[in-house]
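Just so you know, ligand 1 is whichever comes first in the structure, and atom 1 is the first atom listed for that ligand.
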Amino acid sequence: MKYKRILLKLSGEALMGDRQYGIDPVRLAEYAAEIKKIHEQGIEIAIVIGGGNIFRGVAGASNGMDRVQGDYMGMLATVINGMALQGALEDKGMLTRLQTALKIEAIAEPYIKRRAVRHLEKGRIVIFGAGTGNPYFTTDTAAVLRGVEIHADVILKGTRVDGVYDSDPEKNAGAIKFDTISFDDVLKKGLNVMDTTAFTLSQENKLPIVIFDMNKIGNLEKICAGENIGTVVNI
Ligand SMILES: Nc1ncnc2c1ncn2[C@@H]1O[C@H](COP(=O)(O)OP(=O)(O)OP(=O)(O)O)[C@@H](O)[C@H]1O
Ligand SMILES: O=c1ccn([C@@H]2O[C@H](COP(=O)(O)O)[C@@H](O)[C@H]2O)c(=O)[nH]1
């Protein structure tokens, strides 16, 4: 396997499947099955999951809500997704721990880096909920932050697009995909597949990011085996 320890970022929106809102149990089970394939190969897996299928602070603010209030709601949304994913992984026999950046001790451990690493070493899948615990951030940034903290070998951003394009492929059918691209170029060209803070933090810490289509069965396993899938963003 190419990687020993990965930080997998899953999109909250992708969890909706074909629904308009919330969590599609079929999609959730598919993700759990994909994760099981790489877990069985001994890869240490930490996961950050988004909350866009439930709530985003920016959307709340555009409807007149206080941004910070909305961001905390968004962070709680990621905890709900984390709990759902935890259930789906445990259904398939994997051991997991959910750690949250905001304390909700009845349902999750508080985030403690050393404990997270210990869980990984013991083969438990660690899900990090509530993003960074701070408003005005995103779960993409949280993924990179946690990835740097736990010394992950790579950030694997599993999403609904199959890589980084020269413009948003959901808006421009003629967009051209990159197989590899540097952090400098992503930032210079203003490519919004992840937010700037996430890319900058990854760049500063020399942590590569692979952006790939998580909805294509087998992709996650192939990437871990060293196949060139999606787009690699590197220094
Ligand atoms: N240059 C680009 N190349 C690829 N995707 C792009 C680009 N610019 C914008 N995007 C958009 O980036 C998004 C990435 O999807 P994703 O669902 O991971 O977003 P997200 O905000 O991280 O999700 P969530 O908040 O639900 O976790 C896609 O909607 C895609 O259209
Ligand atoms: O560190 C963080 C992470 C997230 N938020 C809020 O949660 C939502 C959902 O996260 P996505 O990354 O958009 O899926 C986000 O829009 C923020 O409102 C946060 O405040 N801080």
Would you mind listing which atoms of ligand 2 come within a distance below 4.0 Å of any non-hydrogen atom of [X]?
X	result
G52	14 (O)
G50	14 (O)
N134	1 (O), 2 (C), 19 (C), 20 (O), 21 (N)
T132	1 (O), 2 (C)
F55	8 (C), 9 (C)

For this session: For atom CG of N172, decide whether the heavy atoms of other residues, nucleotides or ligands shown that lie under 6.0 angstrom number more than 12.
Result: yes
Exercise. Is the NZ atom of K177 crowded by more than 12 outside heavy atoms at less than 6.0 Å?
Worked result: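 Yes.
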Problem set entry | side chain to side chain contact (heavy atoms under 4.5 Å, CB included) partner of Y31, the single match among L220, I49, V26, N215 |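 Of all the options given, the one that passes is N215.
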Problem set entry | From N81, L15, I35, L28, residue fulfilling side chain to side chain contact (heavy atoms under 4.5 Å, CB included) relative to L10 |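 Single pass found, and it is I35.
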Exercise. Of the listed options (R67, M75, R56), which comes nearest to atom 16 (O) of ligand 2 when hydrogens are ignored and any heavy atom counts?
Worked result: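 Considering heavy atoms of R67, M75, R56, the nearest to atom 16 (O) of ligand 2 sits in R56.
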For this session: Using a strict 4.0 Å threshold on nitrogen-to-oxygen distance, state whether R27 and D24 make a salt bridge.
Result: no
Exercise. In terms of side-chain geometry, is the basic nitrogen of K92 or E40 positioned less than 4.0 Å from the acidic oxygen of its partner?
Worked result: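 So K92 does not pair with E40 through a salt bridge.
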Please indicate whether any nitrogen or oxygen in [X] is less than 3.5 Å from any nitrogen or oxygen in ligand 2.
X	value
V58	no
P135	no
F137	yes

For this session: Determine the minimum heavy-atom distance between Q203 and I235, stating which atoms define it.
Result: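 So the two residues come closest at O-CG2, 4.0 Å.
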Exercise. For ligand 2, which part of Y72 has a heavy atom less than 4.0 Å away: the side chain, the backbone, both, or neither?
Worked result: neither
